Amino acid sequence: MRWSQYFIPTLREDPADAEVISHKLLLRAGVVRQLSAGIYSYLPLGQRIALKVMKILREEMNRIGGQEFYLPALHPAELWQESGRWGAIGDDMFRLKDRKGTDMCLGMTHEEVFTSIARNEIRSYKQLPQVWYQIQIKFRDEPRPKSGLMRLRTFIMKDAYTFDVDREGLDRSFADQREAYQRIFTRCGIEFSIVEASSGSMGGSESSEFVARTDAGEDLIASCSNCDYAANVEKATSRLPAIADEAGPDAPEEFPTPGVRTIEDLITFPGGAAADRQIKSLVYIATLNGELRPVLALLRGDHQLHEVKFTDALGATAARPAHTKEIRDLLGAGAGSLGGVRAKDAARDLFIIADLGLKGRRNMTTGANKDEHHLRGVSIERDIKVDQWADLRTVISGESCPRCDTGALEVYQAMEIGHIFKLGTKYSESMGATVLTQDGKPVPIVMGSYGIGVERIITAAVEQNNDENGIIWPKTLAPFDVVVTVTNVKDAHLREESEKLYKDLLHAGLDVLLDDRDERAGVKFKDADLIGIPYRITLGKKVAEGLLELFDRRTKQSEDVKLDEIVSRVQKLALARP
Ligand SMILES: [Zn+2]
């Protein structure tokens, strides 16, 4: 490619609306342009990068026996109704009607479509296992699309699905995918971790999330300083030091607390209690089995509820904090005076779920369900009818590792780049995908599903590989391996040499960009640094002595290389694989 004819609209300044580094640099380098909120166009450089990512994805999927499909993005609602997800997934799904009034949707993932193919075509255990994948477009109506390519409403995914006759088969398929994912991210030059995570609306028994550490990430990961424990905070647990409470009175004692609205207020209130001796009471409205139900969540005063852990523990499809009026109608008091004691007397359909950090605690203080009154001397198991105990609290940095004896947890920001799920028989049972075993018995197919976002890889690569001058692409993703820069295009000899070098490099199997623009050398260098091509060969005055300058974008080191050695040198550097 010749830069003079190639479409690379670089920008000198950071775009005003871009916040995270990857967003700024992908716009400035002319890789993508925004069409609408969460919707981006790949420009030629971006398409080259995306194709390189997809090539790696294909190679690694094919290596573990994956067979590539291409499924439609437009689905009949019927399939999603069969799996139960038409109702379970809320506004995140783009829904529409066709001209006959039939409900349709734009696929956000393809479990339903792949399962429908399997159930129609696969009859016997002899046809299993199957490993199916596609690289295809997905849609998600994000409430807050932002951060460039990090949170999109339409994006490209590699999604894979495995079909096995039993759990052991699924374990093997899952392990194959896990290894393939490790190879994919390594080849893409991304530093990543594998963490435990919530399976969310996908369902299933086990999942592993792949994350890339970056301050732009929207996920929080808790990882141990001592062992290999790492989990998304939506799943992470920690060990709390034991607290020895005094027994306290035989029954809770009510006392007036004028002006007390919060945990903080009660700490300083005369006769109040330290935060770790208070019970925090939060009212939610949860969707349980398709019905709305009030839920009271109890935690230690100094702990924070994690809503994903809360909805996962309940098995709810959705949950929201109750409004002020709903709370008063339910428990007869404002949000600052709520508690679990006798709460079910007031609200019979109230479900009480308590965090495990409260288990066995005595002599605690909590709201009395009466404005400006609290109860002290509350022994939680004696005084509150808890329906379910669960791990609900958000872990924080410095807490003890749940797996080893000595480690402390560090919580850091990261972005999700891949997620793999053991689905089990969730979809095959609801949609009736069965096979006959060796004994002639019909059993539901045991499934796994595995996803990687192409834009997530591109974003993570930029977030982790950049400097003040621009992007530093990992060699495997770079749109070009090398740029050949002619310092002065008016010099006929330089031009001639550069054309010859350009052809030789192409012939050596390299992706080459020839910067033949009539611009100052400084402008050319800046642009090449900004778009992040790993190597730059500069043809300047030293060509007369048979020398070229070879610049390494990552190390920022330059060296003079002899004209007759440059091609093999760059070939060796650029094509070395991690
Ligand atoms: Zn540990």
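In each ligand, atom 1 is the first atom listed, and ligand 1 is the first ligand listed. These numbers were taken from a predicted model, which means no experiment stands behind them.
Checked against salt bridge (charged side-chain N to carboxylate O under 4.0 Å, His left out), Arg261 has the following partners two or more places apart in sequence or in another chain: Glu372.
Arg213 forms a cation-pi arrangement with Tyr412, by the criterion of a distance under 6.0 Å to the ring centre and an angle within 45° of the ring axis.
Residues Phe163 and Phe114 keep their aromatic ring centres 6.0 Å or farther apart.
Of the charged side-chain nitrogens involved, none lies within less than 4.0 Å of a carboxylate oxygen, so that Arg178 and Glu209 do not count as a salt-bridged pair.
Sorted by chain and number, the protein atoms of type N, O or S within less than 2.8 Å of the Zn ion (ligand 1) are Cys224 SG, Cys227 SG, Cys401 SG, Cys404 SG.
Relative ring orientation between Tyr450 and Phe174 is described as tilted, the plane-to-plane angle lying within the 30° to 60° band.
Between Glu196 and the choices Lys235, Lys309, Arg403, the salt bridge (charged side-chain N to carboxylate O under 4.0 Å, His left out) rule is met once, by Arg403.
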